[in-house]
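The structure under discussion appears below in the form of structure tokens.
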Amino acid sequence: MKKKLRRKTTKILTIAGADPSGGAGVQADLRTFHYFGLLASSVVTAVTAQNEKKFISVNAVSAKVLRDQLHSVGPCDFVKIGMLGTKENAQEVIRYLKKTKPKCVVLDPVLCSTTGTRLLEKTALPLLIQGLFPLCTLVTPNLLEASILTDLPVTNLDQMKAAAITLLKNSPGLKSVLIKGGHLQDSATDLLYDGKNFHLFSGKRFSKSFHGTGCVLSSAILAELSQNQSMKESVSKAKKYVSMMMR
Ligand code: PLP
């Protein structure tokens with residue numbers, strides 16, 4: 001652990017799926033917040049059964065179960081959102097954000113597991129883009145997610161820029177987008193776009209693919225933002241943390 005845990009003067013929350021192997025989801029998020037010295041609440045959207053080799057099953061919780069958890073936690077200042085599972089759960093989260101108005105929301109638009117299992121119903125996509133993204137400070141798709149969300153090819157830097165512009169245009173209210181280039185052919189450059197400027201973050205390409213890196217990155221960004229770092233600085237520091245974890 002890096003720092004002494006800070007008690008809840010600033011309330012932090014992760015809303016995500018549970019991964020018993022600990023690599024992704026709520027478990028990875030809480031571990032990341034802990035590293036940054038932050039205590040966080042957690043609300044579970046789905047229960048997965050998986051390990052490093054195999055994805056066995058996924059069961060989303062009902063909207064009522066999600067609502068009860070959100071109600072029990074109450075308003076939070078900084079919210080990270082990961083896997084949602086169903087359209088109904090996305091709707092519950094939209095209701096929660098509209099009611100509680102957090103200062104900052106970072107959303108990792110989890111559509112599939114690394115092994116290819118669908119983690120969000122296809123019918124939830126329009127609601128995600130039109131209802132949920134507009135309430136977010138930052139959305140962090142990977143190349144495949146950016147392509148599905150924009151209906152554009154996203155395989156190189158120019159296409160990443162075009163997708164970032166489209167993502168912000170289609171979700172008025174969304175402040176910024178980070179397209180993760182971990183699967184680019186020749187580099188692992190991420191692209192941040194805030195509606196005005198593009199920032200590139202180059203990184204090392206890892207030969208092994210780890211599940212949960214997106215969860216850890218978005219949680220680390222939220223952790224940095226909660227400590228009054230700028231978006232650019234938060235992404236840069238979070239990327240360094242992920243690289244260190246993957247070494
Ligand atoms: N959230 C949960 C609960 C998962 O099980 C997974 C992948 O299996 C993810 C998120 C996505 O993880 P990644 O960070 O690899 O995109």
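Atoms within each ligand, like the ligands themselves, are counted from 1 in listed order. The analysis underlying the following values was restricted to heavy atoms, covering all of them including side chains, and did not include hydrogens, waters or symmetry mates.
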Next item on the list: State, yes or no, whether a side-chain contact exists between Leu125 and Leu149 at a heavy-atom distance under 4.5 Å.
Entry: yes
Note to self: I need the atoms of ligand 1 closer than 4.0 Å to a non-hydrogen atom of Gly17, numbered in the order shown.
What the structure shows: 3 (C)
Notebook entry, point to check: Given side chains that start at C-beta, do those of Phe55 and His211 come closer than 4.5 Å, heavy atoms only?
Noted result: no
Margin query: I'd like to check Met83 versus Leu120 (side-chain heavy atoms, cut-off strictly below 4.5 Å). Are they in contact?
Written below: no
Margin query: Pair Ile81, Val93 - check side chain to side chain contact (heavy atoms under 4.5 Å, CB included), show working.
Written below: CA-CA 9 Å; Ile81 302 167; Val93 172; 3.7 Å; yes
Check: Below 4.0 Å from any atom of ligand 1, is there a heavy atom belonging to Cys215?
Finding: yes
Check: For ligand 1, which atoms, with element, lie under 4.0 Å from some heavy atom of Ser113?
Finding: 7 (C), 8 (O)
Notebook entry, point to check: Is the closest N or O pair between Asp108 and ligand 1 shorter than 3.5 Å?
Noted result: no
Check: Under 3.5 Å between some N or O of ligand 1 and some N or O of Ala18?
Finding: no
Margin query: Does the residue Ala16 have a heavy-atom contact with ligand 1, meaning some pair of atoms that are separated by less than 4.0 Å?
Written below: no
Next item on the list: Please work out which of Thr117, Asp29, Val110 has its closest non-hydrogen atom nearest to atom 9 (C) of ligand 1.
Entry: Val110
Notebook entry, point to check: Quick one: which ligand 1 atoms are inside 4.0 Å of a heavy atom on Gly212?
Noted result: 12 (O), 13 (P), 14 (O), 15 (O)
Note to self: Just so I know, are the side chains of Phe133 and Pro109 near enough to count as touching, which here means a heavy-atom distance under 4.5 Å?
What the structure shows: yes
Note to self: Taking the side chain as everything from C-beta on, heavy atoms only, tell me whether Phe198 gets closer than 4.5 Å to Leu157.
What the structure shows: no
Next item on the list: Starting from atom 5 (O) of ligand 1, locate the nearest protein heavy atom and write down its residue, its atom name and how far away it is, to 0.1 Å.
Entry: Gln50 NE2, 2.5 Å
Next item on the list: Report the C-alpha separation of Val79 and Thr100 in whole Å, then their side-chain angles, then the decisive distance to 0.1 Å, and conclude whether the side chain to side chain contact (heavy atoms under 4.5 Å, CB included) test is met.
Entry: CA-CA 11 Å; Val79 179; Thr100 59; over 6 Å; no
Notebook entry, point to check: Has Asn197 got more than 12 heavy atoms of other residues, nucleotides or ligands less than 6.0 Å from its CG?
Noted result: yes
Notebook entry, point to check: Touching ligand 1 at all, Val58? Heavy atoms, strictly under 4.0 Å?
Noted result: no
Next item on the list: Using a 4.5 Å cut-off on heavy atoms from C-beta on, say whether the side chain of Thr115 contacts that of Gln50.
Entry: no
Notebook entry, point to check: Just which atoms of ligand 1 are under 4.0 Å from any heavy atom in His211?
Noted result: 8 (O), 15 (O)
Margin query: Among all the protein's heavy atoms, is there at least one whose distance to atom 16 (O) of ligand 1 comes out below 4.0 Å?
Written below: no
Note to self: Once you restrict to heavy atoms under 4.0 Å, what part of Asn142 touches ligand 1? Side chain, backbone, both or neither.
What the structure shows: neither
Check: Has ligand 1 got any nitrogen or oxygen that is less than 3.5 angstrom from a nitrogen or oxygen of Thr114?
Finding: yes
Next item on the list: Look at atom 14 (O) of ligand 1 and say which protein heavy atom is nearest, naming residue and atom and giving the distance to 0.1 Å.
Entry: Gly214 N, 2.9 Å
Note to self: Once you measure the plane-to-plane angle for Phe36 and Tyr241, does it fall in the parallel (<30°), tilted (30-60°) or perpendicular (>60°) bin?
What the structure shows: perpendicular
